[in-house]
Protein chains: 2
Amino acid sequence: MARTSLTREEILAAAGALVRQHGPAALTMRKLAAELGTAVTSIYWHVGNRESLLDALVERTVEELGEIRPRGRTPAARVLSVARALRRELRARPHLIAMVHERGLTDRMFLPAQQALVHEVHAAGLRGARAARAVRAVQFQVVGHVLIERNRERAPVQSPAEEDLWHPSTAEQDPALARALAGAVDQDRLFTDSVRALVAGLFADPGAQEADPGGGEADPDA
Amino acid sequence: MARTSLTREEILAAAGALVRQHGPAALTMRKLAAELGTAVTSIYWHVGNRESLLDALVERTVEELGEIRPRGRTPAARVLSVARALRRELRARPHLIAMVHERGLTDRMFLPAQQALVHEVHAAGLRGARAARAVRAVQFQVVGHVLIERNRERAPVQSPAEEDLWHPSTAEQDPALARALAGAVDQDRLFTDSVRALVAGLFADPGAQEADPGGGEADPDA
DNA sequence: ACCTGAACACCGTTCAAGT
DNA sequence: ACCTGAACACCGTTCAAGT
């Protein structure tokens with residue numbers, strides 16, 4: 001009715017709200033138009049089409065991802081703090097980060113964090129290609145973890161089979177383990193533990209890993 | 001034309017082929033019907049609706065995921081071999097594993113691998129809740145990595161910004177690192193390195209990690 | 001028991017027409 | 001420059017009607 005000229009900004013805001021709350025599937029051009037009180041086709045004039053509307057939303061998300069301030073005394077502790085900060089940022093926008101990811105912009109979104117990680121990895125004494133791999137390993141760990149968490153939360157009724165299938169041998173040998181695996185996952189703890197373990201492994205003396213003979217051929221047909 | 005009575009099996013096979021090649025979005029009931037030479041509505045009689053058709057496909061995938069045979073001399077090497085075998089299996093069905101994942105069946109799909117991992121983690125001397133966390137850490141690492149790889153391959157034109165933004169300080173301090181981060185990711189190597197580092201960290205003497213003072217409070221507002 | 005076409009309520013997008 | 005409705009080609013799904 002009393003529209004004061006539709007703006008691109010207005011469209012992005014409304015679309016963003018829809019996606020944040022109900023996911024990208026809930027964003028239909030017709031519903032969006034209804035919400036804005038305009039004709040569907042007006043939206044097309046401002047944003048081209050649905051795909052580029054989503055692109056613009058993603059672009060905005062990438063820019064929003066704030067800078068990272070590492071905390072802690074040791075490089076390992078500071079890397080962990082970066083990882084946790086990232087996880088918190090990503091968890092706040094589950095749908096949008098999935099879209100960033102699908103559009104292959106994850107790396108760009110991670111640039112500020114990457115700079116911070118490079119600094120810490122350097123401080124830990126790593127250099128060159130090995131330092132690069134360490135940075136990427138942490139990055140993958142964080143993204144991977146968040147992606148998994150997102151889908152767990154969406155479908156929390158995990159297999160009931162898991163409980164059943166732990167009677168055989170392990171349950172009696174190690175009931176505490178069987179109980180832990182049957183129960184729900186403590187995501188916070190698992191995340192922290194995993195990152196800590198990964199960083200410890202990455203920062204460790206490389207010679208220590210050669211204690212495992214023939215590790216490189218563990219799975220020849222891979 | 002000369003249809004010899006449509007079967008549920010036939011429908012699943014055709015639908016599975018469509019999804020494997022072009023993803024779930026390419027599976028429309030009408031296209032599927034055309035491919036099978038029947039009316040759209042016949043399919044509904046056999047499988048209910050599109051959603052339960054996809055469910056059946058996912059169910060099949062979960063069952064298909066073969067058993068795991070760990071290889072290698074040390075527990076660490078054998079865990080790595082399990083991780084690599086899993087990665088290979090998952091990479092062969094990228095669309096389907098994404099669907100398994102979205103339906104929250106990842107844990108069930110992973111049961112055989114989990115059993116194998118439990119065995120190796122036990123062999124490495126871990127017990128109880130700590131063993132459970134180690135098993136899950138590896139599991140998350142593998143799934144996370146494969147999910148990321150899948151989306152990288154779909155959108156390989158990653159940020160061009162990454163190259164630009166490495167001039168400032170690091171590039172001159174450590175040009176090898178800048179070069180490595182600007183270039184493409186060697187997924188095989190990154191995967192192997194990450195798992196190896198994670199396992200090394202998980203299997204390490206827990207006391208060693210306390211060398212990092214105040215690690216648990218690295219990021220108090222997380 | 002199995003298959004069918006017609007119909008419904010949705011989509012995204014284009015286009016000629018308005019102001 | 002901006003907005004509009006009509007129309008097109010798609011969806012998934014239901015339903016009454018066939019054999």
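The sequence lines fix the lettering, A, B, ..., with proteins before strands; numbering per chain opens at 1. Every heavy atom of this structure was used, including side-chain atoms; hydrogens, water molecules and symmetry mates were not. Here the structure is a predicted model, which is why all the values come from computation and not from measurement.
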Tell which nucleotide pairs with C/dT14, taking only Watson-Crick or G-U wobble pairs whose two distances are both under 3.5 angstrom.
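Paired with D/dA6.
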Quick one: do the A/Ser52 and A/Asn49 side chains pair a donor with an acceptor below 3.5 Å?
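Yes, a side-chain donor-acceptor pair sits under 3.5 Å.
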Given that A/Arg30 and A/Val40 both sit by DNA chain D, which one's nearest nucleotide is further toward the 5' end?
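Of the two residues, A/Val40 wins.
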Atom NE2 of residue position A/His119 - does it have more than 12 heavy atoms of other residues, nucleotides or ligands inside 6.0 Å?
no
For [X] and [N], is the shortest distance between a side-chain N/O and OP1 or OP2 below 4.0 Å?
| X | N | value |
| --- | --- | --- |
| B/Thr38 | C/dC3 | no |
| B/His46 | C/dA1 | no |
| A/Ser42 | D/dC2 | no |

Shortest side-chain distance from [X], nucleotide among [options]:
| X | options | answer |
| --- | --- | --- |
| A/Tyr44 | C/dT13, C/dG5, D/dT4 | C/dT13 |
| A/Ser5 | D/dC3, C/dG12, D/dT13 | D/dC3 |
| A/Trp45 | C/dA7, D/dC3, C/dG5 | D/dC3 |

Between the base of C/dG12 and the side chain of A/Thr28, is there a donor-acceptor distance below 3.5 Å?
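When only heavy-atom distances are counted, A/Thr28 does not reach the base of C/dG12 through any donor-acceptor pair under 3.5 Å.
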Mind calculating the distance between CG (B/Leu6) and C1' (C/dT4) to the nearest angstrom?
13 Å
Is it possible for you to check whether B/Arg87 lies under 6.0 Å from the centre of the six-membered ring of B/Phe191, through NZ or CZ, and within 45° of that ring's axis?
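Yes, a cation-pi geometry holds between B/Arg87 and B/Phe191.
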For A/Ala14, does its backbone N or O pair with a side-chain atom of A/Glu35 as donor and acceptor, under 3.5 Å?
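The answer is no, because no donor-acceptor pair under 3.5 Å joins these two groups.
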